[in-house]
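Reading through the structure tokens given below for one structure.
Order of listing sets the numbers, starting from 1, for every ligand and every atom in it. Hydrogens, waters and symmetry mates play no part in the numbers below; they use all other heavy atoms, side chains included.
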Amino acid sequence: MTLPILDLTRSFKDIKPEVFKALERIFDAQSFILGKDVSDFENHCEKYLELPEGSAVGCASGTDALLLALMACDVHEGDEVLTTPFTFFATAGAVARLGATPVFVDVDPVTYNINLDEALNKITSKTKIFLPVHLFGQMVPLEKVLDEFNSRGIKIIEDTAQAFGACRFLDKKILRAGTVGAVGCYSFFPTKNLGGCGDAGMVVARDSKLAERLKKLRVHGSGATYYHEEVGINSRLDAIQAAILNIKLPHLDSWIEQRRNAADYYKLLFKTNNLQEFITPPAELEGNQHTYHQYVIRVKDKRDELMNYLNENGFGVRIYYPLSLHLQPCFKYLGYKEGDFPVSEKLTREVLALPIFPGLEEKEQEALVEKISEFFNK
Ligand SMILES: *Cc1c(COP(=O)(O)O)cnc(C)c1O
């Protein structure tokens, strides 16, 4: 048996005829940039995320979503942005692209998400933005720090690239990932919870002025065509991506449900195979609806040997992420050194992502866990 880390062909089968029909319609019309498919998708996302009309702005990628959000919050050289070193590069890359300074904060060893107490301790007079990442599909409990940041005039930009559809259940309220802070940034890269057929992204802002500004920034800062109020970028969502995302969005909840079921099953299999002493499964924080964009375990010993053994036996497993961002060569100028973020560094040595995607079969999970047992009992 071979099992890839991700197999998108399984969920595509159900929607193939609809997708091809939409493609034909768009090619016949020869209208590719923005337009009705995009505004429909923005409206559908507003409904799904329970946001006011006009708050969703489609753009070209998750990376651009971060860049646009930072630009709309007037982030410039000299500003500090508090963020996590245990994330995909784009989070801190977008900050550095604008000449601002990423200030890293270590992560929580249980959820792998940014440590909120440490973040509050790192606030300085230069802190402009708090940029948490809802890593691997699980939300940061932002309600705990919302007032503290707001009262200091620090805006929250949520990197929600991995967590479209994630939420937190509070007493009388549901918080949806990307809608708690000032701006939420989403990626529809093909491998994400909701993925297009190429690069695509979205920014959302409840504040209508901020949303309007984001809309201008994605078309070179122009309100009326050829009149530019500020310098923006070219970052539009195209009709083909939007049409496909419109077809996929109604399936998202059932796909997340399948991911959650697969996560439960892995946990059960680790238990029945007595693997608890070797493996720590991902933890779901109380109140959270984890979407398991990635299913990332921790392996105390011999992580690399286990990865190689599984790969050699046809099981796709991978390391997200092998190097903490504060140790990346391009961030040398920030002056961090090994040992500065011990939790993040430890995770880079222990984490291993297992296959998880809609359509993953129980017998495939059983075969994988059997191989893991075989490795540890050798
Ligand atoms: C994927 C990802 C991004 C970037 O999204 P793209 O659409 O690939 O540009 C940003 N942040 C995180 C945490 C991601 O996983």
Run through all N or O atoms in ligand 1 and write down each protein N or O closer than 3.5 Å, as a pair with its distance.
{"residue": "ligand 1", "atom": "5 (O)", "partner": "S187", "partner atom": "OG", "Å": "3.3"}
{"residue": "ligand 1", "atom": "7 (O)", "partner": "G62", "partner atom": "N", "Å": "2.8"}
{"residue": "ligand 1", "atom": "7 (O)", "partner": "S187", "partner atom": "OG", "Å": "2.6"}
{"residue": "ligand 1", "atom": "9 (O)", "partner": "G62", "partner atom": "N", "Å": "3.4"}
{"residue": "ligand 1", "atom": "9 (O)", "partner": "T63", "partner atom": "N", "Å": "2.8"}
{"residue": "ligand 1", "atom": "9 (O)", "partner": "T63", "partner atom": "OG1", "Å": "2.5"}
{"residue": "ligand 1", "atom": "11 (N)", "partner": "D159", "partner atom": "OD1", "Å": "3.3"}
{"residue": "ligand 1", "atom": "11 (N)", "partner": "D159", "partner atom": "OD2", "Å": "2.8"}
{"residue": "ligand 1", "atom": "15 (O)", "partner": "Q162", "partner atom": "NE2", "Å": "2.8"}
{"residue": "ligand 1", "atom": "15 (O)", "partner": "K192", "partner atom": "NZ", "Å": "2.8"}

query = What pairs with A239 under side chain to side chain contact (heavy atoms under 4.5 Å, CB included), at least two apart in sequence or on another chain?
reply = I26, D37

query = Centre of F20's six-membered ring, under 6.0 Å away, within 45 degrees of the axis: is that where NZ or CZ of K16 sits?
reply = yes

key: V110: hydrophobic cluster co-members (side-chain, 4.5 Å)   = none

inquiry  = Please determine whether a side-chain nitrogen of the Lys or Arg among R10 and D7 lies less than 4.0 Å from a carboxylate oxygen of the Asp or Glu.
reply    = yes

query = Can you list every side chain to side chain donor-acceptor pair (under 3.5 Å) pair that touches residues 297-308, not counting sequence neighbours?
reply = R298-E350

query = Charged N to carboxylate O under 4.0 angstrom, E42 versus R218?
reply = yes

